[in-house]
Amino acid sequence: MSRFAEDVYRLVRCVPVGRVISYGALARALGHPGKAREVGWALFRCPSDVPAHRVVNREGRLSGGWAFGAPEVQRLRLEAEGVRFSAPEQLDLERYGWQPVESVPFSGR
DNA sequence: CCATTGACGAAGA
DNA sequence: TTCTTCGCCAATG
């Protein structure tokens with residue numbers, strides 16, 4: 001297993017319940033801007049203890065779908081954690097987006 | 001080795 | 001603002 005994939009898993013495991021992070025932000029945080037697609041590839045074959053449902057695309061939309069067994073699973077898991085969708089497949093990244101150390105959006109609210 | 005594909009993203013039109 | 005195209009890069013056929 002590649003070092004990159006291990007780093008992805010390690011970081012995704014740090015995402016708090018009820019928060020999400022994008023593929024690109026994940027890649028950048030790991031020092032590999034441009035490897036957003038590889039993040040997706042790594043998550044496709046990730047261990048079950050990795051909260052992969054908390055990873056969405058840069059628009060705050062769900063891309064996984066079938067990787068979770070069914071298209072709706074990811075959304076249901078997020079809603080179960082308190083994430084509310086502004087539209088069927090659209091959530092608010094400004095509100096739920098999370099990043100390792102730097103600017104944690106909306107410390108309040 | 002070459003072409004295609006994909007849980008993406010940014011730049012153009 | 002929405003739709004296309006292009007760049008990325010590992011994996012597959």
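Within every chain, numbering begins at 1; the chains are lettered A, B, ... in the order of the sequence lines, protein sequences first and strands thereafter.
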State whether the side chain of A/Tyr96 and the backbone N or O of A/Arg84 hold a donor-acceptor pair below 3.5 Å, judged by distance alone. yes
Which part of the nucleic acid does A/Ala52 contact within heavy-atom distance under 4.0 Å: base, sugar-phosphate only, or nothing? base
Regarding C/dC9, can its base be found pairing with the side chain of A/Arg37 as donor and acceptor, where the two atoms are less than 3.5 Å apart? no
What integer distance in Å separates A/Glu38:CD from B/dA7:P? 13 Å
A/His32 has an atom NE2; how far is it from atom P of C/dA10, in whole Å? 10 Å
Check nucleotides 9-13 of chain B for protein N or O atoms closer than 3.5 Å to its own N or O atoms and list the pairs.
unit_1: B/dG9; atom_1: OP1; unit_2: A/Gly24; atom_2: N; d: 2.9
unit_1: B/dG9; atom_1: OP1; unit_2: A/Arg58; atom_2: N; d: 3.4
unit_1: B/dG9; atom_1: OP2; unit_2: A/Arg58; atom_2: N; d: 2.8
unit_1: B/dA10; atom_1: OP2; unit_2: A/Arg58; atom_2: NE; d: 2.6

How long is the straight-line distance from CG of A/Leu62 back to CZ of A/Arg75, given to the nearest 0.5 Å? 8.5 Å
A/Asp7 CG to C/dA10 C1', in whole Å, measures 16 Å
Got a second to check how far A/Leu11's CG is from A/Gln99's CD, nearest 0.5 Å? 10.0 Å
Should A/Ser63 be listed as having a side-chain N or O under 4.0 Å from OP1 or OP2 of B/dC8? yes
Residue met sooner reading DNA chain C from 5', once A/Gly34 and A/Trp41 are mapped to nucleotides: A/Gly34
Would you indicate which nucleotide in C/dA10, B/dA7, B/dG6 comes nearest to any side-chain atom of A/Phe68? B/dA7
Between A/Phe4 (CZ) and B/dC8 (C1'), how many Å, whole number? 11 Å
Look at A/Glu81 together with A/Arg19 and state whether they make a salt bridge at an N to O cut-off of under 4.0 Å. no
Please check this pair: side chain of A/Tyr23 against backbone of A/Lys35, looking for a donor-acceptor N/O pair closer than 3.5 Å. no
Could you tell me the separation between the CD atom of A/Glu6 and the P atom of C/dA10, rounded to a whole number of Å? 16 Å
Evaluate the criterion side-chain contact (heavy atoms from CB on, under 4.5 Å) for residue pair A/Leu93 and A/Val56; output intermediate values, then yes/no. CA-CA 9 Å; A/Leu93 267 185; A/Val56 302; 4.1 Å; yes
